[in-house]
There are 2 protein chains.
Amino acid sequence: MDAVFKALADPTRRRLLDRLFAGNGQTLGALCAEARMSRQAVAKHLALLEAANLVATQRRGREKLHFLNPVPINEIAERWIGKYERHRVRALADLKKNLEGKSDG
Amino acid sequence: MDAVFKALADPTRRRLLDRLFAGNGQTLGALCAEARMSRQAVAKHLALLEAANLVATQRRGREKLHFLNPVPINEIAERWIGKYERHRVRALADLKKNLEGKSDG
DNA sequence: GTAATATGCAACTAATTGGTTGCATGTCAA
DNA sequence: TTGACATGCAACCAATTAGTTGCATATTAC
């Protein structure tokens with residue numbers, strides 16, 4: 001879980017996920033093409049995404065194909081974000097009440 | 001948006017959000033009580049959460065009260081995670097197809 | 001006023017991170 | 001086999017981050 005959050009923390013990695021979302025199963029080379037950094041830098045980011053299980057890979061000859069795995073993101077949405085979201089209205093009301101005037105109750 | 005992801009990347013900060021979720025409007029001192037680090041370290045984390053708009057604060061005398069703001073988390077869920085989640089089944093099928101055997105089609 | 005309490009600010013350190021370069025390995029094509 | 005292509009590995013560097021300590025400021029209680 002922590003690895004997923006950390007992986008999502010970097011804009012470059014989120015962009016890579018976006019690229020895979022746009023076209024799944026891309027090679028490292030293809031993903032490097034539009035990135036303004038070295039191939040090795042991109043490879044490191046992809047390795048991190050793979051470690052976080054956000055990306056699955058498969059070798060095809062000398063190429064490495066990358067596939068988006070939406071499951072961990074879904075888990076975040078369901079398990080962690082949902083926790084707050086469920087109580088969103090109540091928490092907002094609580095916040096508002098406390099910020100606007102505590103004496104009133 | 002980036003600030004929110006970065007803020008959520010640290011387990012200590014997620015824990016602080018959990019603490020605020022359990023009891024909203026806590027002071028810095030109260031939040032420090034159960035953390036195994038210095039008050040200043042906690043204060044820094046809270047400042048980051050506040051900068052990311054995940055926490056709102058209010059002064060009461062010499063105390064500083066901290067309130068959970070679930071809105072940015074909700075935005076992530078709706079705007080960014082939803083993008084992947086919506087296509088979850090299709091992406092999974094795609095992934096499976098490509099991993100299990102490409103020759104079959 | 002004075003002491004205790006609650007927080008703020010700043011300097012410093014250690015660890016992590018994001019990036020680079022150079023070279024090695026493995027695969028495809030002629 | 002040889003050369004070109006795609007990726008992997010490792011060392012290194014700069015910037016950021018997470019934590020510390022020390023001191024300053026502001027509020028409450030006596």
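All values reported here derive from a predicted model rather than from experimental measurement.
Protein atom NZ of Lys44(A) is 10 Å distant from nucleotide atom C1' of dC9(D), rounded to whole Å. dG19(D) atom P lies 13 Å from atom CZ of Arg15(B), rounded to whole Å. Whole-Å rounding puts the Lys6(B) NZ to dT16(D) P distance at 9 Å. Nucleotide dT5(C) holds its P atom 18 Å from the CZ atom of Arg60(B), rounded to whole Å. Separating the CZ atom of Arg36(B) from the C1' atom of dA18(D) is a distance of 16 Å, rounded to the nearest angstrom. Nucleotide dA26(D) holds its P atom 17 Å from the CG atom of Leu28(B), rounded to whole Å. Atom CG in Leu8(B) sits roughly 13 Å away from atom P in dA18(D) (whole-Å rounding). Counting to the nearest Å, the P atom of dT17(D) and the CG atom of Leu49(B) are 14 Å from each other.
Between His45(A) and dG19(C), a side-chain N or O to OP1/OP2 separation shorter than 4.0 Å is present. For dA6(C), the OP1/OP2 oxygens have no side-chain nitrogen or oxygen of Lys64(B) closer than 4.0 Å. Between Ser38(A) and dT20(C) there is a side-chain polar atom (N or O) within less than 4.0 angstrom of OP1 or OP2.
In summary, the side chains of Glu50(A) and Thr57(A) do present a donor paired with an acceptor at a separation below 3.5 Å, with no hydrogens or angles considered.
Side-chain N/O atoms of Gln40(A) and base N/O atoms of dG22(C) include a donor-acceptor pair closer than 3.5 Å. For a distance-only test at 3.5 Å, the side chain of Arg62(B) qualifies as a donor-acceptor partner of the base of dT5(C).
Under the 4.5 Å side-chain heavy-atom criterion for ILVMFWY residues, a single connected hydrophobic cluster contains both Phe21(B) and Leu8(B).
Applying salt bridge (charged side-chain N to carboxylate O under 4.0 Å, His left out) to Asp2(B) and the options Arg13(A), Arg14(A), Arg15(A) leaves one that passes, Arg14(A).
Along DNA chain C, the nucleotide nearest Arg39(B) and the nucleotide nearest Thr12(A) are compared for position; the residue whose nucleotide lies closer to the 5' end is Arg39(B).
With hydrogens and angles ignored, the 3.5 Å screen pairs no side-chain donor or acceptor of Asn69(B) with any backbone N or O of Ala56(B).
Across every non-hydrogen atom of Ala52(A) and Val4(A), the tightest pair is O-CG2, 3.6 Å.
Using a 4.0 Å heavy-atom cutoff across all strands shown, Arg13(B) reaches sugar-phosphate atoms only and no base atom.
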